[in-house]
There are 2 protein chains.
Amino acid sequence: MSDKVLDLLHKAELRITKSRREVLETLVQSGDQAISSNDIEHLVRGIDRITLYRILKTFEESGLIHSVADGTGKTKYALCSHECNGGEHHDDHLHFYCRICETTTCLEKVQLPPVRLPSDYLVEEKRFVIAGVCKDCH
Amino acid sequence: MSDKVLDLLHKAELRITKSRREVLETLVQSGDQAISSNDIEHLVRGIDRITLYRILKTFEESGLIHSVADGTGKTKYALCSHECNGGEHHDDHLHFYCRICETTTCLEKVQLPPVRLPSDYLVEEKRFVIAGVCKDCH
DNA sequence: CACAAAGATGCAACATTGTTGCAAAAATAA
DNA sequence: TTATTTTTGCAACAATGTTGCATCTTTGTG
Ligand SMILES: [Mn+2]
Ligand SMILES: [Mn+2]
Ligand SMILES: [Zn+2]
Ligand SMILES: [Zn+2]
């Protein structure tokens, strides 16, 4: 159990519980690979499914993690990199979904292309998913 | 019931049935507004939910419609504009999700920004959703 | 440390989305 | 019209996600 996990929970002003530590540790281990609620359920043995949903919701609202709708119908979660906090996320990075290994990866290094919408649209969030075959699968 | 609907079904080499005509008509009426299976269920009175799922799957596989994962957890569907056909879709356009009126719109006129991924990724599909407030809601 | 207050968990019950198998009905071909 | 092929409608099921409520845990205070 890394210090990073306790640090993150403290900074988010969340109570430290066994479940929260284990779920967050799992997400830290997963790195830039986004994982589903179901994945976490299997990785954290004994965790209650409903509690897990609530933990993920809390983490997301606290700016610890962000969710990705990658088109598979299963919401994926990954750690936020830096300046995300309650209510305000800054995770406008690309996500890549590989149809072979079925993984979803945060591509924070790839620069997000600028989008020019008509000025009467208020842009709040960019959800960009590229689907295809990842570097390990071809 | 427009001729367009019968035309589309013919070109897709699909059998003409009451349900297919009504579902496709609904999608034509909806224009660039993407709608959910649940929406269609309420607009086409009497249609069976399971049949509807199968029709939507068939339409998508035939290149008549495309689906959008807008982040709401509900898959939305909209007509394909032109050269989509069995297996090969060409709907790499932006989608806008308005958090006020909760509508999802195809923005075919907005030019898609180019994305430069590391060359070892094989890009097959771009799923770009912008979330915010639409022109009618602010 | 002990205690109280606030918050998190675990369980049941439920809602929604989506899939599969199969018999009956409808559409098309002969 | 009749035969063949597809589609439909229903039941049954699976997966994801939400809500209410009692119980347990965490944390702040004396
Ligand atoms: Mn990400
Ligand atoms: Mn579209
Ligand atoms: Zn892969
Ligand atoms: Zn709107």
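By convention in this document, chain letters (A, B, ...) are assigned in the order of the sequence lines, proteins followed by strands, and residues within each chain are numbered from 1. Values below: every heavy atom of this structure, side chains too, minus hydrogens, waters and symmetry copies.
Proximity of B/T17 to the phosphate of C/dA27: no side-chain N or O atom is located under 4.0 Å from OP1 or OP2.
For the residue pair A/S36 / A/N38, no side-chain donor-acceptor distance below 3.5 Å is found, with atom types taken as modelled. Side-chain polar atoms of B/T105 and B/D32 form no donor-acceptor pair below 3.5 angstrom.
Between the OH atom of A/Y121 and the CG atom of B/L107 there is a distance of 5.0 Å, given to the nearest 0.5 Å. Separating the OG atom in B/S62 from the CD1 atom in B/I55 is a distance of 11.5 Å, to the nearest 0.5 Å.
If you check every strand for non-hydrogen atoms under 4.0 Å, B/T58 touches nothing.
Nearest-nucleotide positions on DNA chain C for A/T51 and B/I16 put A/T51 closer to the 5' end.
The distance from atom CG of B/L52 to atom P of C/dT19 is 11 Å, rounded to the nearest whole Å. When the P atom of D/dT7 is taken as reference, atom CG of B/L14 falls 7 Å away, rounded to whole Å.
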With sugar-phosphate taken as primed atoms, P, OP1 and OP2 and all else as base, the protein-contact string of nucleotides 11-17 of chain C at under 4.0 Å (heavy atoms; B, S, -) is BB----B
Apply side-chain contact (heavy atoms from CB on, under 4.5 Å) to residues B/T58 and B/R20 and explain how you reach the verdict.
CA-CA 10 Å; B/T58 302; B/R20 285 181 176 169; 4.1 Å; yes
Ignoring hydrogens and angles, write down the donor-acceptor pairs under 3.5 Å from the side chains of residues 46-54 of chain A, residues two or more places apart or on other chains.
| residue | atom | partner | partner atom | Å |
| --- | --- | --- | --- | --- |
| A/D48 | OD2 | A/I50 | N | 3.2 |
| A/D48 | OD2 | A/T51 | N | 3.1 |
| A/D48 | OD2 | A/T51 | OG1 | 3.3 |

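With axes fitted over five pairs at each extremity, the angle between the ends of the helix from C/dC1-D/dG30 to C/dA30-D/dT1 is 30° (10° resolution).
Using a 4.0 Å cut-off between charged nitrogen and carboxylate oxygen, B/E13 and B/K11 do not count as a salt-bridge pair. Salt-bridge annotation for B/K18 and B/E22: present, with a side-chain N of the basic residue lying under 4.0 Å from a carboxylate O of the acidic one.
For B/R15, the side-chain atoms get nearest to C/dA27 when compared with the rest of C/dG10, D/dT8, C/dA27.
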